[in-house]
Amino acid sequence: MIVERADARAIALAAELLREGKLVAFPTETVYGLGADARNDDAVRHIFAAKGRPADHPVIVHVLDLAEAERWVSDMPDDARKLARAFWPGPLTLILPRAHDVSDVVTGGQSSVGLRAPSHPVARALLAAFRGGIAAPSANRFGHVSATTAGHVVDDLGDGVDLVLDAGASDVGIESTIVAFTTPSPMLLRPGAIGGDALAAVLGRSVGARETDAPRASGSLASHYAPRTPASLVASDALVAQLAQLDDRDERVAVLAWRTRPPQGFDGVWIEAPDDAAAYAHALYANLRALDAAKADSILIERVRDDAEWNAIADRLARATSGEPPDDRD
């Protein structure tokens, strides 16, 4: 693996490696992506192998703009165009009926394809240099905490990646909002930095919840974004009592809190997260990785606010604490 500062020379090298069928990890505004030429089936299969990702789990194709996205779909509903024009480039993924020449390897065998135009300047420079779609799920082992720095990519994937473009920490810190246009009404498949109110303001109507016939999409499994240490969500008013119970059992505990302060005598790892949704999201995966590295017996995470601004964070925390942490294969 080569790690390079994401300057013009390194970006040109990354584009050449993609054309050769190699894997390149690169920053986006959401998280780091593990990229391959989306028109090269063997290269995309290497993504699945590097991540330990199930073959039926689709990957998102990153494109430069709406015009490029049109080449990947058989139909672009007017509402999808409205969202793309309002939020691209940015942290929004659209699930759309795929064009006939889009591979099953990319779509997980489904009739739809996920598309996103990232806003990060390095991602955009890479797309412009490569001149094609880049398949790029998050650059970490499948089901594990997502990567928001080049160091996270190295820790998770090692020599499974040919080049990592290092541009510091991702700005947003959690994955894109996903909206599907595979049924008559759009569905929200994954919350993200672009909330439901913002989507509704553009569309003039609310985006519906996931339906039973919704396509599979990234980050939609019950257990995802998970540390290897068993983690639990705890209400603010129960956190101190829960710590006391674990202390009585001589268990070492690591804590991610945002409102509660550590009790006197606490000798585990305590991370105080920001009391601001955007700042909390930006630091979330780095904080989860730090808690995991503490080698505690368990992780306790204080529940966040139950409101729209914190919805995407609450989604990630619920999946990270589902009780099914990834095994060594993930």
Side-chain angles (χ1 to χ4, degrees), residues 26-33 59-66 69 79-80 82-96 114-124 127 136-140 145-149 152 167-181 186-203 206-210 217-221 224-225 256 258 273-289 301 303-320:
F26 62 96
T28 78
E29 71 278 17
T30 57
V31 299
Y32 272 64
V59 293
I60 293 168
V61 177
H62 292 64
V63 295
L64 191 60
D65 51 29
L66 181 56
D79 280 350
K82 289 179 182 178
L83 292 184
R85 287 170 179 150
F87 299 114
W88 280 2
L92 174 68
T93 295
L94 301 177
I95 308 291
L96 297 158
L115 299 167
R116 183 165 96 83
S119 63
H120 195 289
V122 171
R124 297 194 62 72
L127 285 161
S138 56
N140 51 272
V145 181
S146 297
T148 55
T149 70
H152 296 164
S170 297
D171 292 332
V172 175
I174 58 174
E175 297 79 3
S176 60
T177 303
I178 298 180
V179 179
F181 287 89
M187 292 181 286
L188 180 64
L189 301 191
R190 181 175 70 186
I194 299 170
D197 290 346
L199 298 170
V202 172
L203 297 178
S206 297
V207 176
R210 172 186 290 273
S218 297
S220 58
L221 299 179
H224 220 79
Y225 319 112
L256 179 61
W258 62 276
D275 186 9
D276 171 82
Y280 189 111
H282 171 75
L284 174 58
Y285 292 143
N287 284 339
L288 289 180
R289 285 173 175 268
I301 301 174
R303 289 187 183 275
V304 296
R305 289 190 178 95
D306 184 18
D307 61 39
E309 187 179 12
W310 290 79
N311 186 35
I313 295 166
D315 171 82
R316 303 312 192 273
L317 293 179
R319 297 180 194 279

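Note that the structure is predicted; figures quoted are calculated from it, not measured. Nothing fancy with the numbering, it's 1 onward along the sequence.
In this structure, the side chains of Leu188 and Ile178 stay at 4.5 Å or more apart for every pair of heavy atoms. Arg305 is listed as a side-chain neighbour of Asp275, based on a closest heavy-atom distance under 4.5 Å. Between Thr30 and Arg116, the closest side-chain pair of non-hydrogen atoms falls below 4.5 Å. Using a 4.5 Å heavy-atom threshold, the side chains of Arg289 and Asn140 count as touching. Inter-residue side-chain proximity for Leu189 and Ile95 is flagged as met; some heavy-atom pair is nearer than 4.5 Å.
Ring geometry, Tyr225 versus Tyr285: the interplanar angle falls under 30°, so the pair is classed parallel (tilted spans 30 to 60°).
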Are Trp258 and Ile313 close enough, and set up right, to give a side chain to side chain contact (heavy atoms under 4.5 Å, CB included), and what steps lead you there?
CA-CA 13 Å; Trp258 62 276; Ile313 295 166; over 6 Å; no
Step by step, would you call Asp65 with Arg124 a salt bridge (charged side-chain N to carboxylate O under 4.0 Å, His left out)?
CA-CA 9 Å; Asp65 51 29; Arg124 297 194 62 72; 5.7 Å; no
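Between Thr177 and Ala193, the shortest heavy-atom distance links the atoms OG1-N, 3.6 Å. Nearest heavy atoms, Val31 versus Ala147: CB-O, 3.3 Å. In terms of heavy atoms, His62 sits closest to Ala136 at CE1-O, 3.0 Å. Contact record, Pro118 with Val63: CD-O, 3.5 Å, taken as the closest heavy-atom pair. Between Asp315 and Pro191, the closest heavy-atom pair is CB-CG, 3.7 Å. Contact record, Ala80 with Leu96: CB-CD2, 3.8 Å, taken as the closest heavy-atom pair.
No hydrogens or angles considered: a donor-acceptor pair under 3.5 Å links the side chains of Glu175 and Ser146.
Under the 3.5 Å distance criterion, the side-chain polar atoms of Thr148 are left unmatched by any main-chain donor or acceptor of Ser170. Glu29 places no side-chain N or O within donor-acceptor distance of the main-chain N or O of Asp171, the cut-off being under 3.5 Å. Between the Asp307 side chain and the Trp310 main chain, a donor and an acceptor come within less than 3.5 Å of each other.
Here the CD1-CG distance, from Ile60 to Leu115, works out to 9.0 Å after rounding to the nearest 0.5 Å. To the nearest 0.5 Å, the span separating CE on Met187 from CZ on Arg210 amounts to 7.5 Å. Residue Ile301 holds its CD1 atom at 9.5 Å from CG of Asn287, rounded to the nearest 0.5 Å. Within the model, atoms CZ of Arg190 and CZ of Arg319 stand 9.0 Å from one another, a figure rounded to the nearest 0.5 Å.
Scored by the side-chain hydrogen bond (donor to acceptor under 3.5 Å, both in side chains) test, Asp276 finds no partners at all (sequence neighbours excluded).
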Please tabulate, for the side chains in residues 82-93, all donor-acceptor contacts under 3.5 angstrom to protein atoms that are two or more places apart in sequence or on a different chain.
residue, atom, partner, partner atom, Å
Trp88, NE1, Leu92, O, 2.8
Thr93, OG1, Ser176, OG, 2.8

